[in-house]
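For reference, positions follow the sequence shown, starting with 1.
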Amino acid sequence: MNETHNHNIHRSTQSHDGIGQYEHLHGHHLEDQINVKPIWSFQNEQPIAGRTERLFIQLNDEAGNRIDTLQVSHEKLLHMIVVSKDLSYFDHVHPEYEGHGRFHVDIQFPDGGEYKLIADFVMEDSVPVLTSKWVVVKGEVNTEKPLKVDTELTKVVNDKLISLSFDKLKQGHEVTLTFTILDSNTKQPIIDLQPYLGAIGHVVALSEGAQHYLHIHPINETTNGPEAKFKTTFPASGLYKVWGQFLHHGILLTVPFTIQVPHSQQHHEETSGELH
């Protein structure tokens with residue numbers, strides 16, 4: 001599968017041909033502002049599970065010219081998410097910049113099967129862009145694990161008790177995601193979180209099948225815990241997997257939750273036409 005998209009990292013709608021068509025927050029198509037034509041290539045023609053694979057990403061414009069007008073966003077020029085199709089595997093990596101719009105990164109896929117590579121970056125004038133590509137990895141393919149809603153939104157990761165809560169969870173409505181981080185043994189609040197990529201933490205959400213993608217930044221980047229709040233809008237109803245990432249005493253904590261975003265009939269009626 002060689003599907004590549006460009007889109008804003010905050011909201012998305014679905015075009016008539018079934019391919020994700022992503023729009024700027026104010027309703028202007030990102031494609032009207034800038035056309036990015038990435039070239040994805042592996043050093044080895046066919047990536048194989050368990051082997052370290054070097055991936056190259058060349059960012060070009062529509063005319064084939066190399067793009068080198070990128071801005072640093074949260075301490076990096078490019079953020080890349082690697083997920084398996086069933087979302088059971090997740091990694092957040094940062095490709096190394098070679099110059100003239102060219103990056104490389106080493107990836108080791110755990111199993112064979114389909115993976116989605118999602119790269120987001122910021123162009124000049126602070127325009128956020130994201131591009132994605134499906135790749136097929138050779139090797140033993142494990143049975144896909146269907147997403148199941150987490151009945152308890154509290155998990156223990158590296159001796160930290162991490163909970164997730166919402167103020168109002170509905171498709172198309174702005175929602176605040178609150179992560180609360182405690183010591184799992186003493187239940188005392190963690191108040192000395194360290195900045196991770198220039199903020200208290202980062203949150204990535206993907207819908208079932210890796211169709212809709214949200215990269216969510218915190219409301220208050222400088223707090224130290226125990227709460228970390230993030231604000232976003234889920235573009236469609238359905239199952240989503242949400243990964244929160246936080247840094248404590250030099251250890252990166254990655255906590256996944258699977259949630260069900262309810263359908264909003266009112267939102268469906270309001271957005272049956274163009275977004276404004």
Contact check, side chains of [X] and [Y], non-hydrogen atoms, under 4.5 Å:
{"X": "Phe257", "Y": "Ser163", "answer": "no"}
{"X": "Val204", "Y": "Phe90", "answer": "yes"}
{"X": "Trp243", "Y": "Val203", "answer": "no"}
{"X": "Lys229", "Y": "Asn220", "answer": "no"}
{"X": "Leu239", "Y": "Gln260", "answer": "yes"}
{"X": "Arg102", "Y": "Arg66", "answer": "no"}
{"X": "Asn142", "Y": "Pro110", "answer": "no"}
{"X": "Val137", "Y": "Glu53", "answer": "no"}

Residues Glu114, Lys116: salt bridge by 4.0 Å N-O rule: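 No, no charged N to carboxylate O under 4.0 Å.
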Test applied, ring-ring contact (aromatic ring centres under 6.0 Å, His included); reference residue, Phe103; option that passes from Trp40, Phe121, Phe56, Tyr97: Tyr97
State, to 0.1 Å, how close [X] and [Y] come at their nearest heavy-atom pair, and which atoms those are.
{"X": "Ile216", "Y": "Ala205", "answer": "CD1-CB, 4.4 Å"}
{"X": "Asp68", "Y": "Gly101", "answer": "CB-N, 4.2 Å"}
{"X": "Gly112", "Y": "Ala49", "answer": "N-CB, 3.6 Å"}
{"X": "Lys155", "Y": "Val255", "answer": "CB-CG2, 4.1 Å"}
{"X": "Met80", "Y": "Ile107", "answer": "CE-CD1, 3.6 Å"}
{"X": "Lys187", "Y": "Leu182", "answer": "O-CD1, 3.9 Å"}

Do [X] and [Y] belong to the same hydrophobic cluster, where Ile, Leu, Val, Met, Phe, Trp and Tyr are linked whenever their side-chain heavy atoms lie under 4.5 Å apart, directly or via other members?
{"X": "Leu164", "Y": "Phe234", "result": "yes"}
{"X": "Leu87", "Y": "Leu130", "result": "yes"}
{"X": "Phe230", "Y": "Leu197", "result": "no"}
{"X": "Phe166", "Y": "Leu214", "result": "yes"}
{"X": "Val129", "Y": "Val122", "result": "no"}

Glu96 side chain vs Asp106 backbone, donor-acceptor pair below 3.5 Å: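 The answer is no, because no donor-acceptor pair under 3.5 Å joins these two groups.
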Main-chain N/O of Ile118 paired to Ser132 side chain as donor or acceptor, under 3.5 Å: no
Aromatic ring pairing His92/His94, orientation class (parallel under 30°, perpendicular over 60°, tilted between):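 Because their plane-to-plane angle lies in the 30° to 60° range, the rings of His92 and His94 count as tilted.
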Plane angle bin for His202 and His79 - parallel if under 30°, tilted between 30 and 60°, otherwise perpendicular: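 The rings of His79 and His202 sit tilted, inter-plane angle from 30° to 60°.
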Hey, are [Y] and [X] close enough side-chain-wise for a donor-acceptor pair under 3.5 Å?
{"X": "Thr258", "Y": "Lys241", "answer": "no"}
{"X": "Thr254", "Y": "Gln245", "answer": "yes"}
{"X": "Tyr89", "Y": "Asp111", "answer": "no"}

If you measure from [atom1] on [X] to [atom2] on [Y], what distance do you get to the nearest 0.5 Å?
{"X": "Ile200", "Y": "Gln194", "atom1": "CD1", "atom2": "CD", "answer": "11.5 Å"}
{"X": "His263", "Y": "Ser237", "atom1": "NE2", "atom2": "OG", "answer": "6.0 Å"}
{"X": "Thr180", "Y": "Glu227", "atom1": "OG1", "atom2": "CD", "answer": "4.5 Å"}
{"X": "Lys145", "Y": "Asp86", "atom1": "NZ", "atom2": "CG", "answer": "5.5 Å"}
{"X": "Gln211", "Y": "Leu206", "atom1": "CD", "atom2": "CG", "answer": "10.5 Å"}
{"X": "Ser73", "Y": "His215", "atom1": "OG", "atom2": "NE2", "answer": "7.5 Å"}

Audit row: Leu59, Leu70, side-chain contact (heavy atoms from CB on, under 4.5 Å) steps and yes/no: CA-CA 10 Å; Leu59 301 179; Leu70 305 182; 4.0 Å; yes
Verdict with reasoning, Asn44 to Arg51, per side-chain contact (heavy atoms from CB on, under 4.5 Å): CA-CA 10 Å; Asn44 298 304; Arg51 183 176 71 181; 3.3 Å; yes
Worked check of side-chain contact (heavy atoms from CB on, under 4.5 Å) between Val175 and Asp167: CA-CA 6 Å; Val175 58; Asp167 59 349; 3.4 Å; yes
Atom CG of Leu252 with >12 non-hydrogen neighbours under 6.0 angstrom: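 Counting neighbours around CG of Leu252, more than 12 heavy atoms of other residues, nucleotides or ligands fall under 6.0 Å, so yes.
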Steps toward side-chain contact (heavy atoms from CB on, under 4.5 Å) verdict (Val36, Thr131): CA-CA 8 Å; Val36 178; Thr131 180; 5.6 Å; no
His248: which of Asp192, Asn158, Asn224 passes side-chain hydrogen bond (donor to acceptor under 3.5 Å, both in side chains):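 Of the listed options, the one satisfying the test is Asp192.
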